[in-house]
Each structure stands twice: as C-alpha cells, then as structure tokens.
K.L.:
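Can you keep this structure in mind? I'll have questions shortly.
Worth knowing before you read on, the calculation uses all heavy atoms, side chains too, and leaves out hydrogens, waters and symmetry mates. None of these values were measured; they are calculated from a predicted model. In what follows, chains are A, B, ... by sequence order, proteins preceding strands, each numbered from 1.
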There are 2 protein chains.
Amino acid sequence: MAENKGKRTEPTARPSTRERILVSTLSLFNQKGPEAVTTAEIAEAVRINQGNLYYHFRTKESLVVALFSRFEADALALVAEADAVPAPDSKAYAGFLRKWFSLVWTYRFLFRDLPGLLATAPGLRGPILAVSAGMRLSVDVIFQRMETAGLISVAADDRKPLLANVWIVSTYWAVYLGLQEGVRDLSPQHVHWGLSQVASLLRPYLSPQAKADLEEMLSEPLA
Amino acid sequence: MAENKGKRTEPTARPSTRERILVSTLSLFNQKGPEAVTTAEIAEAVRINQGNLYYHFRTKESLVVALFSRFEADALALVAEADAVPAPDSKAYAGFLRKWFSLVWTYRFLFRDLPGLLATAPGLRGPILAVSAGMRLSVDVIFQRMETAGLISVAADDRKPLLANVWIVSTYWAVYLGLQEGVRDLSPQHVHWGLSQVASLLRPYLSPQAKADLEEMLSEPLA
DNA sequence: GTCTATAGCCTGATAGAC
DNA sequence: GTCTATCAGGCTATAGAC
C-alpha cells in the first residue's frame, strides 16, 4: 500500500479540516451526485461555515478534481501492483479484482454520470479517459498472461467482446445495485455480489485450476 | 406496433408545439442530462418563448414524466410483443433484443443517472422500478422457454448471475459507449455493437441451433 | 483559519396583454 | 396559444473583520 500521498491522513494529528471536507464531500457526492450537492450542504455536513469551505477549496470544481486525484492515485497504484505480479497467479489477480471493486464503490459518484460530471469539471475529461484507458490496458495484459499460462482460453474473436463485458460489469455493477434496490452503503456482501458477477462472466473460459482458485476466493471471508 | 397513444404524431398535420417540445427536450436531456438542461435552453431549441413552454408544461418535472411515459409505453408494448410469441423462437427473441436496444438508446437519459433523475422527478421512483422489474421478469420468462425448448442450457447456479449480467450489459452499453468514445448520435453500428456484446454473453450457453440463429441476426443488415 | 455578510448571477415559475 | 415582463429564491463565490 503506498504511503499517504497528499497527506491524506496524518498519523498522529486528528483529521485536518481539509481532510474532513473531502470525506464529507465524497459521501454526499456518492449519495446525491455532484450536481445535486450544494456548497452550503457540504459546509453544513462538515460543521464549518460556507466561507471557510471556500478558503480551502476556491471552487466546487476543485473539490471534484481533488477527489478524482485520489481515485486516480489509488487506481494507478493498483495497476502497478497488478503489473508487478511476478508470475501469472489467478489468486493474485482475483485479489486485484476485489480491490478494484472496492475502489469503484468508494468513488462511485465518478461512474454514475460521466457527462454530468464533466459539466461541473470540464478539465477532468482528459485524465478520466486516460485512467480508463490505462485500466483497460492493464486488464488486457493480465488476460494475455493468463492465456499464455494456460489459465484461461478464449477464442480470438471472443477476446475483445469478453474484455468489454468484463469492463462494463465491473464498472457499472455499483450503479446497477444502487438502482435495483436503494443500496446506499457498501456492505461487503455487495462487493462480493459484484465479484461473483464478473466471475460468472469468466467461468466459461477458465481452466479447472483457475476456476478452483476463483471459487476459493469467492468463498473466502469478505475483506 | 401500437397506435399513436397520446397523439405522438398526427398523421396529416405538422407536429404540434407540444410534440416539438418533447422531441427537443429528449434530445437535450440525452446530450447533457436533465439537470444540466435549463427551461430557457429548451425554449430556445424549440424556438418558442419560455412563457409559452410553461403553458404546455407547468413544471420541468412534468417534462421528465411525459418522456418517461413514452418510454414506459414503448417498453410495455415490447414486453407484450415478446410474451405473444407463440412458440420459442430464437429469431423472434433476437428481434426483441434489438428493439430493446434501440429503445434504451432513444431514452438513454433515463439510464444515465437514475438518482439524479429522481432528484428532479421524485414521483418517478415507483414507475421506474416497476418497469425495470417487469422487463427483467419478461427476460426471465424468455429464458425459461428457451431452456425447455433446448435452445439454451444454463446450470441452475449460473442462471441468476447470467440474467443479471445480461441486464447490466444491455442497459449500460450505451453509457459505456458514450464514455469510451464521445459517441453522441446513435448509428446502427452502435446498436449492433451492443447486440454483439450481449450475444457474446449468451454464446457459451446456446445450442448449435440457437447459436446459428444468433449469428444470422448479427450478420443481418442493420434495421 | 474561521467567521459574517453580501454580491451577483441564473433558475424555475407566474401574471397578464395580445 | 404565444408573447413580454418580472419575481422570488437558491446558488457560487468574494470581501473583510476577527
């Protein structure tokens, strides 16, 4: 786990106002979407004055940008971690998947309505597309490695569609859950549900060994 | 195809102002999301005055509701059509799938950000969940019929996850496309892409006959 | 760093003439 | 049915005292 970039939390001191603002804002954004959350609402949640909020973040957009930066850092760290796995190892990849799911849930407001998000923070278009492309590339590489290791076997024609479906399900599963039932708080069960959805996507293509590893991960106690 | 409920278009007369408002609003909502579209913007697009707009629709919410009603009517008609298929017929079901895709694209603003949508039109929560549940039930029935007809074979444990994945992909493919590349206008290629994504989801479970029917539909000229 | 007070804009919506 | 004119309220953001 990387160290606390941007002093996300000081080890000894209590959380700074800036930190508290970001935590509350993330929570509100996830609940109602950035466009539906007012700066007054944020200030109230943090129990500070609205003017004070603007001392720390001069625009609403800068709040969105700051939260995205955190997501970006976490996502890139995860990719680096996955790339660093020495030999193809389905268990390591399964763990990678689980972390990605947790990340998607934590920052789910980023996925809920991208066009709307870009309306309030236009400067985010480039970075978002870059992260998205990077993640997909990383998944692609993992697939290739698993294939050469005989863990998975996908016909050439099926490869791209399968990757796209994996991406869609592992990205929008949280949105789907939020719709289907008014799921508001992430319980480990929900992450597990999402994981099993992706698992069922892959299962037809896995080797017996990889399949066994996957089932084992799914039956593991929830992190 | 059902007749024009709510006088969607009069056969002879040119489109009414009300109709023009709905068409323009749908387009704007799909482009920018309901929350980002102002009534002034709508009035300008229709080339009428803002006061006139409020003569036809007294609230912004009523615009959302009116558009949803159209989607609802189309969706229910589609379900009825699917239920009326006399014998299990993969070609008929494939056509059903294609129409559903077209519908999702046409009203994609409804799927883009459900929580945000409910913020501007709270009364829509019930109807939306009802339609969603109805659609999923209908798909479930189709699966059952295909199974008893030997067109498809899914292990009991895999059934529910597969259905959920079909639902996720067939609902969020448009959102995914909008993100991945700035796809704004539906070309038939995009619908075809979405269809092929769902097809690749089902392919591992299809009988040779059903698979052949599916490939045939996919290679057909785009409607 | 935190507060009070307020500016300035934009929004959805209404009243009433034509 | 369509327009002009206008309002009240909420929003982001700033200025300046403490």
K.L.:
Students often mix this up, so state it plainly: with edges at 30° and 60°, are the rings of B:Trp100 and B:Phe71 parallel, tilted or perpendicular?
P.N.:
tilted
K.L.:
D:dT12, C:dT11, D:dG1: which one has an atom nearest the side-chain heavy atoms of A:Thr38?
P.N.:
D:dT12
K.L.:
Of the nucleotides D:dC11, C:dC3, D:dG1, which has the atom closest to the A:Asn52 side chain?
P.N.:
C:dC3
K.L.:
Report the nucleotide, chosen from D:dT12, C:dA13, C:dG1, that has the shortest atom-to-atom distance to any side-chain atom of B:Gln50.
P.N.:
C:dA13
K.L.:
Looking at the side chain of A:His56, which of D:dT14, C:dT2, D:dT12 is the nearest nucleotide?
P.N.:
C:dT2
K.L.:
Which nucleotide in the list C:dT2, D:dT4, D:dT12 gets nearest to the side chain of B:Asn49?
P.N.:
D:dT4
K.L.:
For the aromatic rings, using the six-membered ring if either is Trp, is the centroid distance between A:Tyr176 and A:Trp193 under 6.0 Å?
P.N.:
yes
K.L.:
In whole Å, what is the span from the CD1 atom of A:Ile21 to the P atom of C:dG1?
P.N.:
11 Å
K.L.:
Once you round it to whole Å, what is the distance between P of C:dG1 and CD of A:Glu19?
P.N.:
14 Å
K.L.:
Answer with base, sugar-phosphate or nothing: what part of the nucleic acid does A:Val46 contact at a heavy-atom distance below 4.0 Å?
P.N.:
nothing
K.L.:
At less than 4.0 Å, is any side-chain N or O atom of A:Tyr54 found next to OP1 or OP2 of D:dA13? Yes or no.
P.N.:
yes
K.L.:
Verify the distance criterion only: is there a donor paired with an acceptor across the side chains of A:Asn165 and B:Ser200 at less than 3.5 Å?
P.N.:
yes
K.L.:
Round to the nearest Å and state the distance from A:Ile48 atom CD1 to C:dG1 atom P.
P.N.:
12 Å
K.L.:
Between atom CZ in A:Arg47 and atom P in C:dT2, what is the gap in whole Å?
P.N.:
15 Å
K.L.:
Under 4.0 Å: is that the gap between some side-chain N or O of B:Thr17 and OP1 or OP2 of D:dT2?
P.N.:
yes
K.L.:
Tell me yes or no: between the side chains of A:Thr39 and A:Gln50, is some donor less than 3.5 Å from an acceptor?
P.N.:
yes
